[in-house]
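What follows is a short report on a single structure.
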Amino acid sequence: MDNTQSKSSGFFVLLGRMAKNKWLAIVQVALVVLCTCVLWHSEAYFVPYMLVSVAALVCLCFNLKNERRLPRFESTMTYVFSLLFALMITLANYDLWDNGAMGVLKFVLLFCGIFVSFANILSFIASRQRSSNLAPSTMSNKKVFLFTFLLIVVVNGAILFLCKYPGFLTMDSVLQVKQTLDGVYTNSHPFYHTMLLKLFLSIGLALFGNMNAAVATYMVFQICFMAMSFAFAVMTMNEIGAPKWSVILLVAFFALMPYHMAYSFTLWKDVMFGGLVLLYTVFLYRMLKEVGNGKWNLLGLVLSGMGFCLFRSNGFFAFVGVTILLLLLFRRQHKQLVLVMMAIVVVSFVMKRPVLRMLDVAQPDLAESLSIPIQQVARDVVENRDFTEEQYHLLDQLADVERVPETYLWYISDPMKDLMRERNYQQAFSEHKADYIKLYFTRLAKHPWTYVKAWVDQTKGYWNSGYPYWIWCLYTDGADIGIYSTVRSGWMNKAVNSYLSHFSKYEVLKPFSSIGFFVWCILLCLYASIIKKDKVSALMTIPVLMIILSLLVATPVFSEFRYAYSVFCTMPVIAVMTFVGYKRN
């Protein structure tokens, strides 16, 4: 045994000696079980917690038989990630331990139980990352692509034309359609996505002469684009040597998950953005692993990267983060790729700012980017009454402070932003910006727990086990501009609605639509990649994790599924990239 392996941290040395000390195993089992009992009372989905607990107990049994000690690096990473999971889940469930005489005991049980659970799961993963004996698929890449593409197009196209024609549109969707009609644009809906929408609406109007058919024309394009994105990702996984069963599971996931069905004919920017993030992730992987034709991969990377930056406001910042990390990790091996990424950042910035300014496209107002601090200060006003007269006067220039307690909702910032828009808050903020920044940090220092709770409540849907909140809309707005729903097959409409409802009705299916649970899985992929010292696989987790990070600093809603749709487009593919890797022929 080398010197590195002999330097394991104390906690994980004990994990390796479980077979010789049954009492330590009993303590771990007790912590996992008691922690699960406490989480039974959580307002979040319980099934993901139960899955973690069951997996932890199973991994503990395997770890008992495994006398291999984790080297220092693996031990440290296991400790860090276990600590991260314990902190996330314990903090998200602060209402279980933040009051009452048993609060401290519940906190200890939660934190230690979660830490032990993930320590066993991660130790199990670490001990089995050295080699893989999975048999690669022998299916034709072209046949895999065509089958996946046609399956998704036929299924979703049939649903669209037989029972959901011309597709789903919310109020926001209709406002975006109206922009294409009156020519007055704002970047609240990304301008370049609106231009794409206008292109297909124009084609539809020219061909069919009515708005309903024009909207359906765009929906057909979106169905085909998403089908192509999913099919290309599945084909790439087949191409790198993923086992046949994993390729089949990927096809089933993309074809049968209800949100992929419903979103394929829903007019939201988030749908195209999810497909673009998936394409960018796959093209980046192909470039770094030298899979397929390098020139076509580069072209695909540029196009998907531009869409990544332009089709959502937070996409640009996430892309910048990925570019910085790529520069740090691969500046020597892939200089050309780094330069291309930097060029995408520069061109996208010019298109988002100077170009839109020249076109007189209005940017979103200030409140849209300040959802988190707005919610924190509002929570402070609701819970604490120790503002000075000067502080109160400053806040009253932004919004009617007396109405804050009746307006504030812990899970969404829109009511508070609407209250601010009743006054000229942007002018007040620009005139006293330094005073408002000072006020924020002064109150944060005085009531840190209030501000932490407000942040947790505003973001926990993106990093905890999942919450009951709407995922899709099953209706069509826009009657005033000639958009109306048409059902041609009643029995199919009833069957589709029933199928979609199952994923919110039955507890066992809720993990499939849990944002936080999928984010946990991506974090497990990041851990496994770090353990294997596979920089490429580790980098594949970063685009979507950067998107989640951007939501944690600016989300207006605590668990908006469509904001995190890219997670559900990419996670299964990232898992295959991580745990299978590229098998060269």
Side-chain angles (χ1 to χ4, degrees), residues 39 41-49 87-99 170-172 188 259 268 270 312-314 364-365 367-384 398-399 401 403-421 440 443-444 447-473 503-504 507 510-511 513-520 547-568:
L39 288 171
H41 301 285
S42 172
E43 64 178 9
Y45 292 155
F46 179 71
V47 173
Y49 295 142
L87 183 62
M88 286 195 303
I89 297 173
T90 304
L91 194 58
N93 289 284
Y94 72 83
D95 56 311
L96 296 179
W97 52 264
D98 190 35
N99 51 66
T170 60
M171 185 185 301
D172 284 349
S188 297
Y259 32 80
W268 284 334
D270 313 271
R312 271 202 67 89
S313 299
N314 61 332
D365 66 359
E368 292 296 332
S369 59
L370 295 176
S371 289
I372 299 297
I374 288 171
Q375 289 292 86
Q376 290 175 313
V377 175
R379 181 74 162 258
D380 190 7
V381 172
V382 171
E383 292 190 353
N384 306 301
L398 297 181
V401 180
R403 293 172 55 192
V404 169
E406 67 188 45
T407 303
Y408 170 75
L409 296 175
W410 63 266
Y411 58 90
I412 185 170
S413 65
D414 287 353
M416 281 303 307
K417 289 187 291 190
D418 291 339
L419 183 64
M420 292 172 63
R421 289 174 181 133
Y440 175 82
R443 299 297 300 180
L444 172 62
H447 297 286
W449 186 229
T450 296
Y451 281 66
V452 169
K453 288 190 296 183
W455 176 80
V456 169
D457 287 341
Q458 185 66 20
T459 63
K460 61 186 179 183
Y462 303 104
W463 45 277
N464 196 26
S465 67
Y467 294 86
Y469 199 70
W470 77 293
I471 297 176
W472 43 66
C473 69
F503 284 80
S504 58
E507 293 294 327
K510 289 181 179 178
S513 59
S514 165
I515 303 171
F517 185 68
F518 270 58
V519 170
W520 293 355
I547 291 169
I548 293 297
L549 184 61
S550 71
L551 292 173
L552 300 190
V553 298
T555 179
V557 189
F558 90 114
S559 186
E560 186 77 15
F561 186 93
R562 62 189 177 117
Y563 292 171
Y565 180 55
S566 55
V567 173
F568 296 85

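Closest heavy-atom contact between Leu96 and His41: CD2-O, 3.6 Å. What you find for Trp97 and Thr90 is that their closest heavy atoms are NE1-O, 3.0 Å. Nearest heavy-atom pair, Leu91 versus Val452, reported as atom, atom and distance to 0.1 Å: CD1-CG1, 4.2 Å. The heavy-atom pair separating Leu409 from Pro415 by the smallest distance is CD1-CG, 3.8 Å. Lys510 and Ser504 get closest at one heavy-atom pair: CE-O, 3.2 Å. Across Ala564 and Ile515, no two heavy atoms sit closer than the pair CB-CG2, 3.6 Å.
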Criterion side chain to side chain contact (heavy atoms under 4.5 Å, CB included) on Leu551 and Thr459, from CA distance to verdict: CA-CA 7 Å; Leu551 292 173; Thr459 63; over 6 Å; no

Trace of the side chain to side chain contact (heavy atoms under 4.5 Å, CB included) decision for Asp270 with Tyr563: CA-CA 6 Å; Asp270 313 271; Tyr563 292 171; 3.8 Å; yes

Chi angles and distances behind the side-chain hydrogen bond (donor to acceptor under 3.5 Å, both in side chains) call for Asp380, Tyr440: CA-CA 10 Å; Asp380 190 7; Tyr440 175 82; over 6 Å; no

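Between the Ser550 side chain and the Ile547 main chain, a donor and an acceptor come within less than 3.5 Å of each other. In terms of modelled atom types and a separation under 3.5 Å, the side chain of Ser465 and the main chain of Tyr45 share a donor-acceptor contact. No donor-acceptor pair closer than 3.5 Å links the side chain of Trp463 to the backbone N or O of Ala92. Listed for the Gln458 side chain is a donor-acceptor partner under 3.5 Å among the backbone atoms of Pro556.
A donor-acceptor contact under 3.5 angstrom links the side chains of Tyr49 and Asn464, judged on distance only. Thr555 and Tyr462 are linked by a side-chain donor-acceptor pair at a separation below 3.5 angstrom, with hydrogens and angles left out of the test. Counting only N and O atoms by type, the side chains of Trp268 and Thr170 include a donor and acceptor under 3.5 Å apart. A side-chain donor from one of Asn93 and Ser42 sits under 3.5 Å from a side-chain acceptor of the other.
Checked against the 6.0 Å centroid criterion, the rings of Phe558 and Tyr469 qualify as a close aromatic pair. For an aromatic pair to be called close, the ring centres must be under 6.0 Å apart, and Phe503 with Tyr259 fails this.
Exactly one residue among Tyr467, Trp470, Trp472, Phe568 makes a ring-ring contact (aromatic ring centres under 6.0 Å, His included) with Phe561. That residue is Phe568. Just one residue in the list Gln375, Arg443, Arg379 forms a side chain to side chain contact (heavy atoms under 4.5 Å, CB included) with Tyr451, and that residue is Arg443.
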